[in-house]
Amino acid sequence: MRGHVLVWHSQTEEAFFRQDYDKSKPYVSKAEMTARQEWYIKTVLEFVDNWEKQYNNGEHIIVSWDVVNEAVADGASATNWLRAGNSKWYDVYGDATFIVNAFRFANKYAPADVKLVYNDYNCYSPGKLNGICNIIDMIQATPDARIDAVGMQSHVKIDYPAVTGQNSYEAAVQKFISKGLDVHVTELDIANGKNPYSPFLLKAKYKEYYEMFIR
């Protein structure tokens with residue numbers, strides 16, 4: 001199975017970012033936050049590794065980790081592409097340092113054959129796609145960091161996005177592949193969109209996606 005997730009703004013306790021782990025106190029410094037992030041990732045990954053060695057004959061029960069989840073803004077632009085406002089990680093750093101560090105620490109403590117993944121939704125949206133590619137470029141430019149795949153949470157609609165062609169789902173897949181990464185479809189569901197419910201339309205759209213995946 002995949003491990004989900006090491007760094008996600010939505011599931012990190014407020015006190016983790018605060019002095020003395022007290023949410024009534026100010027944020028810690030960037031240096032302190034980085035130390036806490038490394039401690040947390042190290043603790044989780046070493047626990048899993050030790051469990052696998054003790055109870056699973058050393059075979060991986062977790063074959064890939066979503067290292068960072070949903071760090072790109074929904075309305076990402078060329079200059080403002082990181083999630084802000086509701087991300088305490090961003091509040092402490094004000095930039096993408098915490099993302100790159102997460103992949104540095106995951107690379108340091110995870111087994112080399114466990115895949116390290118950036119996971120997000122709406123990856124096919126042009127602004128978000130560019131933001132994710134910015135993250136990939138930063139990680140790949142950092143010598144002690146590693147990223148192996150992009151996880152695409154695929155909450156799509158019958159009428160959006162296009163499966164193939166310009167600004168399509170497939171175009172995003174190909175963009176990630178061109179950067180030397182695998183693509184994991186971590187979730188897939190298709191909503192009706194503006195169309196009235198039709199099992200036949202849904203069946204046809206699922207078929208269109210699966211045919212795109214396997215060719």
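- Rounding to the nearest 0.5 Å places CH2 of Trp81 at 12.5 Å from CG of Leu129.
- Using a 4.5 Å cut-off on side-chain heavy atoms (C-beta onward), Val173 and Met152 make contact.
- Taken to the nearest 0.5 Å, the CG atom of Asn130 stands 11.5 Å off from the CD1 atom of Ile135.
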Side-chain donor-acceptor distances from residues 207-215 under 3.5 Å, at least two apart:
residue: Glu208; atom: OE1; partner: Lys205; partner atom: NZ; Å: 3.0
residue: Arg215; atom: NH2; partner: Glu170; partner atom: OE1; Å: 3.4
residue: Arg215; atom: NH2; partner: Glu170; partner atom: OE2; Å: 3.2

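- Residues Gln153 and Asn69 form a side-chain contact, since some pair of their non-hydrogen atoms from C-beta on lies under 4.5 Å apart.
- A distance-only check finds no donor-acceptor pair linking the side chain of Asn107 to the backbone of Phe103 [under 3.5 Å].
- Listed here is the closest heavy atom pair of Leu116 and Ala110: CD2-CB, 4.1 Å.
- Here the side chains of Arg2 and Val63 are not in contact, with every heavy-atom distance at 4.5 Å or above.
- For Phe105 and Tyr40, the gap between ring centers reaches or exceeds 6.0 Å.
- Within a 6.0 Å sphere centred on NZ of Lys128, heavy atoms belonging to other residues, nucleotides or ligands number more than 12.
- Contact between Val68 and Ala102 at its shortest, heavy atoms only, is CG2-CB, 3.6 Å.
- Between Ile99 atom CD1 and Trp89 atom CH2 the span is 10.5 Å, to the nearest 0.5 Å.
- Members clustered with Trp8: Val5, by chain and number, using a 4.5 Å side-chain heavy-atom cutoff among hydrophobic residues.
- Here the closest heavy-atom approach between residue Asn56 and residue Ile61 is recorded as ND2-N, 4.1 Å.
- Looking at every heavy atom in both residues, Ser168 comes nearest to Ala171 through OG-N, 3.0 Å.
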Begin from the C-alpha positions of Glu38 and Arg104 and carry the test salt bridge (charged side-chain N to carboxylate O under 4.0 Å, His left out) through to its verdict.
CA-CA 9 Å; Glu38 180 172 11; Arg104 291 177 56 237; over 6 Å; no
Could you check Lys42 against Glu46 for salt bridge (charged side-chain N to carboxylate O under 4.0 Å, His left out), going step by step and ending with a plain yes or no?
CA-CA 6 Å; Lys42 176 179 185 290; Glu46 288 186 345; 3.1 Å; yes
Output side-chain donor-acceptor pairs under 3.5 Å for residues 18-26, partner residues at least two apart or in another chain, one line each.
residue: Arg18; atom: NE; partner: Glu14; partner atom: OE2; Å: 2.8
residue: Arg18; atom: NH1; partner: Lys25; partner atom: O; Å: 3.1
residue: Arg18; atom: NH2; partner: Glu14; partner atom: OE2; Å: 2.6
residue: Asp20; atom: OD2; partner: Lys25; partner atom: NZ; Å: 2.6
residue: Tyr21; atom: OH; partner: Arg36; partner atom: NE; Å: 3.3
residue: Asp22; atom: OD1; partner: Ser24; partner atom: N; Å: 2.9
residue: Asp22; atom: OD1; partner: Ser24; partner atom: OG; Å: 2.7
residue: Asp22; atom: OD2; partner: Ser24; partner atom: OG; Å: 3.3

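- To the nearest 0.5 Å, atoms OG (Ser10) and NZ (Lys88) are separated by 10.5 Å.
- Contact detail for Tyr121 and His155: the closest heavy-atom pair is CB-CD2, 4.3 Å.
- Between Gly151 and Cys123, the shortest heavy-atom contact is O-SG, 4.1 Å.
- Contact of the Asp144 side chain with the Lys108 side chain is not registered, since no non-hydrogen atoms from C-beta on lie closer than 4.5 Å.
- Two residues are said to be in side-chain contact when any heavy atoms from C-beta on lie closer than 4.5 Å; Phe176 and Ile132 meet this criterion.
- At least one side-chain heavy atom of Ile62 sits less than 4.5 Å from a side-chain heavy atom of Met1.
- With contacts defined as side-chain heavy-atom distances shorter than 4.5 Å, the pair Asp49/Pro111 qualifies.
- A heavy-atom distance below 4.5 Å is not found between the side chains of Asn57 and Glu52.
- We find the CG-CG distance between Asn192 and Asp159 to be 9.0 Å, quoted to the nearest 0.5 Å.
- More than 12 heavy-atom neighbours from other residues, nucleotides or ligands sit within 6.0 angstrom of CG on Asn86.
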